[in-house]
Asker: 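Sharing a structure here in structure tokens format.
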2 protein chains.
Amino acid sequence: MQDALIRKLESFEELSDADRAALRTFVPRVRQVSARTDLIQEGDLPGDVHLILDGYACRYKVLPDGQRQIMAFFVPGDFCDLNVFILDQMDHSIGTISPCTVAEIPRQAIENVITHHPQVTKAMMWCALVDEAVLREWLVNNGNRQADRRIAHLFCELLLRLEAVGRVSDNSYAFPFTQHDIADTMSLTSVHVNRTLQLLRGLNLITLQHRVLTILDVEQLKAYCDFNPNYLHLRNARWSGRRQVPWLSSVQGG
Amino acid sequence: MQDALIRKLESFEELSDADRAALRTFVPRVRQVSARTDLIQEGDLPGDVHLILDGYACRYKVLPDGQRQIMAFFVPGDFCDLNVFILDQMDHSIGTISPCTVAEIPRQAIENVITHHPQVTKAMMWCALVDEAVLREWLVNNGNRQADRRIAHLFCELLLRLEAVGRVSDNSYAFPFTQHDIADTMSLTSVHVNRTLQLLRGLNLITLQHRVLTILDVEQLKAYCDFNPNYLHLRNARWSGRRQVPWLSSVQGG
DNA sequence: CGACTTATTGATGCACTTCAAGCGACGTGG
DNA sequence: CCACGTCGCTTGAAGTGCATCAATAAGTCG
């Protein structure tokens, strides 16, 4: 199962045999985690690094008044906390949305790799930078678009990210989020999310039933929300041009 | 002037003599840049890395409809684009707010350091991760607080960040931002920013005149907006406990 | 089947936007 | 040295996207 890690990193940087060998020296635990369960909580010392093999998770923060803000979604193939393992203390939490299969990579192993394997280090920096680019786009999205475009934008983003890991078929993908989850992501109320989803359905842009989202007309939806995928830094040459990630194949259960 | 770079990084990680020597081998150019000038633009290939020695700058994106979203502020001592130099293409722009003194560090030098100096690499990762933590807090702030608390939160953040580099005296600091800049940061209109500033003044929380912001009662302002500084990861032990950054001393001109 | 979570719908209110106009400070050219 | 344009700040009036409150319907799971 270390292969999952190696393949993920290789999608960003070519690795040497030595790099790969080094990554194989540590054996990550693989855990099944049920839905709506925290992997790490605010205040914790960052421990092992989590890689999602299957299922959806999110990064979130809870305000003093009880409001929850979701700050990132994780889909199969994503590191949850590569970017914070180096910090002193978690300033947010990470929790599952659906049941997840999670690989846990010892922190010490990562430290070791940084010291001895610069290519691997660069690949990990790539991961972190793409994460940050997505976060920036969320700030733009939440701040400057109104609810319908905002939600459409999220749907487009998830489509591309899931496509990149082979989790989309016929423009449909698993969508285990509740309307409340979307609300906490987009800084809306679930009531308004509900009404907005009805609007998008009414425009024949999407269907969403039984936790499966279908985008009826991708180009039209992209145009609807001015979607520009450059921030995902997917680079077709890397993602589509290379092998389809084979370690991600099972179907996501809601 | 390489010392600026070394001191910045040492505030995150102890460096060896060899690390320091390596950093000294490349000579950054130091440039004066006038206010309202782009250092890099969306679409550019990331080139040299920019370190602000004096003045204020920002990271921003312009939407198709002309809306500008500011996604980060840079104050003296901040790297502007350490976090994107590795990427293929800029997905946003970086521009000055006030006149700035900027050190430009060759990209190749940074690549070199990643390969041979892991401690320096870790220090750079620290910088990037703190940037990202601030960005996350902005998402929370913009999404969940209303205008008065939101702006108060920004004032608190700038206070702490500027204090850390010795740019605050008597709870006052240079504030070269226009109300329009604040609006584009907080996803508000400048009209509403104006009214909100009047509110904060009326509550005797701040004064803001001649581009100088004074916080009249820091504790009260923090309480007003539920400010929790943990996300800045300043760690008193590192910042205040150590020497006051001596390479940042001149006064910021509006 | 019963308890609980999630989705839906309606009525009302407000934070913020939009549009529009006026004001003061500053710099520049005649 | 004053006329004039520009830019940032200020103020008012009217409109709206979304929130809030509240109740009901429709899953979903043990």
Side-chain angles (χ1 to χ4, degrees), chain A residues 34-37 56 63 65-70 95-99 141-154 174-202 206-213 224-225 253-254, chain B residues 34-37 56 63 65-70 97-99 141-153 174-202 206-213 225 253-254:
Chain A
S34 39
R36 310 288 159 179
T37 306
Y56 293 35
L63 300 193
D65 66 356
Q67 270 284 323
R68 176 182 64 154
Q69 175 70 49
I70 293 179
T96 59
I97 297 285
S98 69
N141 197 35
N142 284 3
N144 299 284
R145 281 186 260 260
Q146 46 194 51
D148 52 347
R149 320 290 162 135
R150 211 185 290 183
I151 292 177
H153 195 277
L154 175 68
F175 197 88
F177 309 99
T178 66
Q179 294 182 0
H180 201 88
D181 291 332
I182 304 176
D184 288 346
T185 303
M186 314 257 98
S187 302
L188 297 168
T189 57
S190 59
V191 171
H192 199 65
V193 168
N194 183 286
R195 291 195 238 260
T196 305
L197 286 177
Q198 289 177 51
L199 173 68
L200 294 178
R201 282 191 269 243
I206 60 153
T207 66
L208 173 52
Q209 38 193 327
H210 311 304
R211 312 267 113 129
V212 172
L213 181 81
Y224 187 74
C225 60
Chain B
S34 39
R36 310 287 159 180
T37 307
Y56 292 38
L63 300 194
D65 66 354
Q67 270 283 326
R68 175 181 64 155
Q69 174 70 48
I70 293 179
I97 297 285
S98 69
N141 196 37
N142 285 3
N144 298 285
R145 282 186 259 259
Q146 45 194 52
D148 51 347
R149 321 289 162 136
R150 212 185 289 185
I151 293 177
H153 196 276
F175 197 88
F177 309 100
T178 66
Q179 293 182 359
H180 202 89
D181 291 331
I182 305 177
D184 288 347
T185 304
M186 314 257 96
S187 302
L188 297 168
T189 57
S190 58
V191 171
H192 199 64
V193 168
N194 183 286
R195 293 195 238 259
T196 306
L197 286 176
Q198 290 176 50
L199 173 69
L200 294 178
R201 282 191 269 245
I206 59 151
T207 66
L208 172 52
Q209 38 193 328
H210 310 305
R211 314 264 113 131
V212 172
L213 180 82
C225 60

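Letters A, B, ... mirror the listed sequences (proteins, then strands); counts begin at 1.
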Asker: Measuring from A/Asp181:CG to A/Ile97:CD1, what's the distance to the nearest 0.5 Å?
Answerer: 4.0 Å
Asker: From CZ of B/Phe177 over to P of D/dC7, roughly how many Å is that when rounded to an integer?
Answerer: 20 Å
Asker: Using 0.5 Å steps for rounding, measure from the CZ atom of A/Arg68 to the CG atom of B/Asn144.
Answerer: 11.0 Å
Asker: If I take atom CG from residue B/Asp148 and atom CG from residue B/Leu197, how far apart are they, to the nearest 0.5 angstrom?
Answerer: 10.5 Å
Asker: Are B/Ile182 and B/Phe175 side-chain neighbours, meaning at least one heavy-atom pair lies under 4.5 Å?
Answerer: yes
Asker: Is there a side-chain polar atom (N or O) of B/Gln179 under 4.0 Å from OP1 or OP2 of D/dT10?
Answerer: yes
Asker: Decide yes or no for B/Thr185 and B/Phe177: does some side-chain heavy atom of the first lie under 4.5 Å from some side-chain heavy atom of the second?
Answerer: no
Asker: At what distance, to the nearest 0.5 angstrom, does OG1 of A/Thr196 lie from CZ of A/Arg150?
Answerer: 9.0 Å
Asker: Roughly, in whole Å, what's the span from CZ in A/Arg36 to C1' in D/dC29?
Answerer: 15 Å
Asker: What bend angle does the helix from C/dC1-D/dG30 to C/dG30-D/dC1 show across its length, from five-pair end axes and to the nearest 10 degrees?
Answerer: 40°
Asker: Below 4.0 angstrom, which residues in residues 188-200 of chain B have at least one non-hydrogen atom near DNA chain D?
Answerer: B/Val191, B/Asn194, B/Arg195, B/Gln198
Asker: Calculate, to the nearest 0.5 Å, the distance between atoms OG and CZ belonging to B/Ser187 and A/Arg145 respectively.
Answerer: 11.0 Å
Asker: Give me the distances for all protein-to-nucleotides 24-26 of chain C N/O pairs that come in under 3.5 Å?
Answerer:
none

Asker: Counting only heavy atoms and a strict 4.0 angstrom limit, can you tell me which residues of residues 143-151 of chain A come near DNA chain C?
Answerer: none
Asker: Would you check if A/Val193 and A/His180 make a side-chain contact, meaning some heavy-atom pair closer than 4.5 Å?
Answerer: no
Asker: Search all heavy atoms of B/Tyr56 against all heavy atoms of B/Ser98 and return the closest pair with its distance.
Answerer: N-OG, 3.0 Å
Asker: Within a strict 4.5 Å, meaning less than it, do heavy atoms of the A/Leu63 and A/Gln69 side chains meet?
Answerer: no
Asker: I want to check one thing: is the phosphate of D/dT10, taken as OP1 and OP2, less than 4.0 Å away from some side-chain N or O of B/Arg201?
Answerer: yes
Asker: The test is side-chain contact (heavy atoms from CB on, under 4.5 Å); show your working for A/Leu200 and A/Leu208 and say whether it passes.
Answerer: CA-CA 10 Å; A/Leu200 294 178; A/Leu208 173 52; over 6 Å; no
Asker: Rounded to whole angstroms, how far apart are CG on B/Leu208 and P on D/dC9?
Answerer: 8 Å
Asker: Can you list every salt bridge (charged side-chain N to carboxylate O under 4.0 Å, His left out) pair that touches residues 186-202 of chain A, not counting sequence neighbours?
Answerer: none
Asker: Using whole Å, what does the distance between atom P of nucleotide D/dC9 and atom NE2 of B/His210 come to?
Answerer: 13 Å
Asker: Hey, which of these two, A/Ser187 or B/His180, hits DNA chain D nearer its 5' end, going by closest nucleotide?
Answerer: B/His180
Asker: Taking only residues two or more places apart in sequence or in another chain, which ones pass side chain to side chain contact (heavy atoms under 4.5 Å, CB included) with B/Thr189?
Answerer: B/Val191, B/His192
